[in-house]
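Proteins come first, then strands; the chains are lettered A, B, ... in the order of their sequence lines, and each starts at number 1.
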Number of protein chains: 2
Amino acid sequence: MKRSEPMSESYYYILLCLAKGANHGYGIMQMTEKLSGGDVTIGSGTMYGATSNMMKKGWIREIMSDEPGQERRRLYQLTDSGRTALRAEIKRLQRMLENAQGV
Amino acid sequence: MKRSEPMSESYYYILLCLAKGANHGYGIMQMTEKLSGGDVTIGSGTMYGATSNMMKKGWIREIMSDEPGQERRRLYQLTDSGRTALRAEIKRLQRMLENAQGV
DNA sequence: AAAAATATGTTGACAGCCGACATATGTCGT
DNA sequence: ACGACATATGTCGGCTGTCAACATATTTTT
């Protein structure tokens with residue numbers, strides 16, 4: 001089992017948002033800002049680079065919306081592989097905090 | 001109060017090691033590997049780029065060793081500013097994990 | 001005497017991240 | 001009808017960090 005690569009804060013929040021349900025780029029940006037209490041903002045450059053990258057990695061997939069009139073939105077869904085990556089990242093963060101005991 | 005920038009895993013472990021006492025580059029590399037159970041390794045390129053960068057930021061300072069025969073080592077010490085940066089990073093990590101509740 | 005560990009550093013290339021910019025449609029108040 | 005703002009997606013350039021590879025020198029172990 002290969003060591004999991006550290007993930008950026010932006011990538012982490014994107015996966016986190018999608019873990020709570022399928023969403024589109026703009027929706028993820030807003031949800032991240034709300035979730036983090038305004039501390040984390042994801043710019044569109046980060047967002048669309050990230051989705052493209054995560055599609056390649058197989059962490060997310062694009063799905064069709066079942067609601068009408070939402071043609072402008074590109075809906076993304078977390079894959080099993082993406083959920084695994086998110087869990088690994090959570091473990092990494094937990095370990096980092098454990099290592100900080102007594103500081 | 002400006003939002004604290006995310007810190008890389010390597011930078012975090014370097015500060016963490018120094019928080020437990022002054023140390024030199026090579027010592028930090030070994031301590032990081034041990035501390036993380038072999039999961040995190042810092043290469044020399046990363047190490048010496050990071051120390052140079054952190055000196056500029058004022059997070060660390062170089063001190064003279066009081067032990068004789070250690071002239072080859074460059075000892076680094078965490079500054080108050082560095083400790084503040086580390087605490088801010090720990091807070092950031094804690095918030096990231098809190099936001100992951102229920103995933 | 002050779003090999004491995006200690007210790008510090010430079011260089012070059014690559015990937016990722018982000019801010020700024022660009023574009024277009026939809027909505028709401030006046 | 002108009003302007004302003006929100007929605008929504010995307011491109012581009014620059015900057016930073018990271019790592020492998022290389023370089024050098026000393027000390028310790030076999």
Side-chain angles (χ1 to χ4, degrees), chain A residues 2-15 17-18 22-34 36 38-57 59-60 62-65 67-76 85 89 92 96, chain B residues 2-15 17-18 22-34 36 38-57 59-60 62-65 67-76 85 89 92 96:
Chain A
K2 208 171 55 177
R3 144 159 170 57
S4 65
E5 296 300 311
M7 189 184 292
S8 75
E9 192 178 52
S10 302
Y11 275 49
Y12 176 77
Y13 274 97
I14 291 169
L15 292 183
C17 290
L18 289 178
N23 209 338
H24 57 105
Y26 189 70
I28 294 170
M29 291 186 216
Q30 293 172 299
M31 192 172 168
T32 295
E33 193 142 9
K34 195 181 164 198
S36 67
D39 286 333
V40 182
T41 55
I42 301 177
S44 61
T46 306
M47 186 71 238
Y48 296 101
T51 46
S52 153
N53 194 265
M54 288 181 185
M55 290 278 281
K56 268 187 219 146
K57 286 186 167 157
W59 287 357
I60 60 174
E62 195 178 351
I63 55 167
M64 290 299 114
S65 174
E67 298 173 59
Q70 300 299 334
E71 293 77 17
R72 289 173 66 207
R73 295 179 171 179
R74 300 173 75 90
L75 262 188
Y76 296 105
E89 179 64 8
R92 189 182 71 91
M96 283 174 80
Chain B
K2 210 171 54 177
R3 145 160 168 59
S4 64
E5 296 299 311
M7 189 184 292
S8 75
E9 191 176 52
S10 302
Y11 276 47
Y12 176 77
Y13 274 97
I14 291 169
L15 292 183
C17 289
L18 290 179
N23 210 338
H24 55 104
Y26 190 70
I28 294 171
M29 291 185 215
Q30 292 171 300
M31 192 171 167
T32 295
E33 192 142 9
K34 195 184 164 196
S36 68
D39 286 333
V40 182
T41 55
I42 300 177
S44 63
T46 305
M47 186 71 239
Y48 296 100
T51 47
S52 152
N53 194 264
M54 287 181 185
M55 290 279 281
K56 269 188 219 146
K57 286 186 170 166
W59 288 357
I60 60 174
E62 195 177 350
I63 55 168
M64 290 298 114
S65 174
E67 296 175 59
Q70 299 299 332
E71 293 78 16
R72 290 173 65 208
R73 296 179 170 179
R74 299 174 76 91
L75 262 187
Y76 296 104
E89 180 64 8
R92 189 183 70 91
M96 283 175 78

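In this entry the distance linking CE of B/Met29 with P of C/dA7 reads 10 Å, nearest Å. Separating the CG atom of B/Leu75 from the P atom of C/dA7 is a distance of 10 Å, rounded to the nearest angstrom. Whole-Å rounding puts the A/Met7 CE to D/dT18 C1' distance at 17 Å. When rounded to the nearest whole Å, the span between CE of B/Met54 and P of D/dT16 equals 15 Å.
Heavy-atom minimum distance, B/Glu62 versus B/Arg74: OE1-NH2, 3.1 Å.
One finds no side-chain N or O of A/Arg74 lying less than 4.0 angstrom from the OP1 or OP2 phosphate oxygen of D/dT9. Using a 4.0 Å cut-off, no side-chain N or O of A/Tyr48 falls inside it from OP1 or OP2 of D/dT11. Phosphate proximity of C/dC18 to A/Thr46: present, with a side-chain N or O under 4.0 Å from OP1 or OP2. Dashed line: the shortest gap from a side-chain N or O of B/Tyr26 to OP1 or OP2 of C/dT8 is not under 4.0 Å. Between B/Asn53 and D/dT16 there is no side-chain polar atom (N or O) within less than 4.0 angstrom of OP1 or OP2.
B/Glu9 places none of its side-chain heavy atoms less than 4.5 Å from the side chain of B/Ile42. Side chains of B/Met54 and B/Leu15 form a contact here, defined as non-hydrogen atoms less than 4.5 Å apart.
A/Gly45 comes within 4.0 angstrom of a base, heavy atoms only. Residue B/Met47 is classed as having no contact, given no heavy-atom separation below 4.0 Å to the nucleic acid.
The line from OG of A/Ser36 to CE of A/Met31 is 11.5 Å long, rounded to the nearest 0.5 Å. With values rounded to the nearest 0.5 angstrom, A/Asn23 atom CG is found 11.0 Å from A/Ile60 atom CD1. Remark: A/Glu89 CD to A/Ser8 OG distance equals 8.5 Å, nearest 0.5 Å.
Take A/Glu33 and apply the salt bridge (charged side-chain N to carboxylate O under 4.0 Å, His left out) test, not counting sequence neighbours, and it matches no residue.
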Table of protein N/O atoms under 3.5 Å from nucleotides 21-24 of chain C N/O atoms:
none

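Of the listed nucleotides (D/dG17, C/dG9, D/dC19), D/dG17 has the atom at the smallest distance from the side chain of B/Lys57.
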